[in-house]
Colleague: 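First the structure, which I've put down as structure tokens, then a few questions once you've had a look.
Bear in mind the structure is a predicted one, so any value in this text is a computation, not a measurement.
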Amino acid sequence: MGLLGIFGSPQRKAPKRGPRDDLPPEVKRVVNRLREVVDPETELDIVDEGLVYGVTVKDKLAQVFLLLARSTPECHFCQSIAVNVQRRILRDTVEALRKEGFKRIEVYNELGLLLEEWGDKDGSTWIR
């Protein structure tokens, strides 16, 4: 019961799992595939952890925007761990989308900087 019984307590709903209903089917497909990518530090998938904040799909091109803010202390050891975790997330993101059949994959950070890419601009595949 709320304060002095005047205000009722709000009914809490469990958050809905999965992509929003208003997303195009190809974007939903990518978001669901990204659930396979697990952050090795937290053992949560990157979607539930909130690292994915944007997805664009154009034919066989997938662009993923990740929130990979650096908030590590000025400890060189901590920074190297953070960089290795980010590399793992990037590698696993590309691998998951390759399995989904995309011929070009681009992964950007929150500033719009290209962090990882796979495939050629014409749709042929190469690994950098």
Colleague: Taking the side chain as every heavy atom from C-beta outward, state whether Asp39 and Leu44 have any pair of such atoms under 4.5 Å apart.
Modeller: no
Colleague: For Thr56, which residues count as a side chain to side chain donor-acceptor pair (under 3.5 Å) partner, sequence neighbours excluded?
Modeller: none
Colleague: Please identify each residue that fulfils side chain to side chain donor-acceptor pair (under 3.5 Å) with Arg91, with sequence neighbours left out.
Modeller: none
Colleague: To the nearest 0.5 Å, what is the distance between CG (Leu66) and CG (Leu115)?
Modeller: 7.5 Å
Colleague: Do Val31 and Val55 touch side chain to side chain, with heavy atoms closer than 4.5 Å?
Modeller: yes
Colleague: What residues form a side-chain contact (heavy atoms from CB on, under 4.5 Å) with Arg87, not counting sequence neighbours?
Modeller: Val83, Asn84
Colleague: Are any non-hydrogen side-chain atoms of Glu116 and Thr93 less than 4.5 angstrom apart?
Modeller: no
Colleague: Do Phe102 and Val30 come close enough that some side-chain heavy atom pair is under 4.5 Å?
Modeller: yes
Colleague: For Leu114, which fellow cluster members are found when Ile, Leu, Val, Met, Phe, Trp and Tyr are connected by side-chain heavy-atom distances below 4.5 angstrom, either directly or through intermediates?
Modeller: Tyr53, Phe65, Leu67, Tyr108
Colleague: Looking at side-chain heavy atoms only, is the closest gap between Asp45 and Glu36 below 4.5 Å?
Modeller: no
Colleague: If you round to the nearest 0.5 Å, how far is CD1 of Ile89 from CD of Glu41?
Modeller: 8.0 Å
Colleague: Listed by chain and number, what are the side-chain contact (heavy atoms from CB on, under 4.5 Å) partners of Glu26, not counting sequence neighbours?
Modeller: Pro24, Arg29, Val57
Colleague: With sequence neighbours excluded, what pairs up with Leu61 under the side-chain contact (heavy atoms from CB on, under 4.5 Å) test?
Modeller: Lys58, Gln63, Arg104, Glu106
Colleague: Just verifying a value: how many Å separate Leu68 CG and Asn109 CG, rounded to the nearest 0.5 Å?
Modeller: 7.0 Å
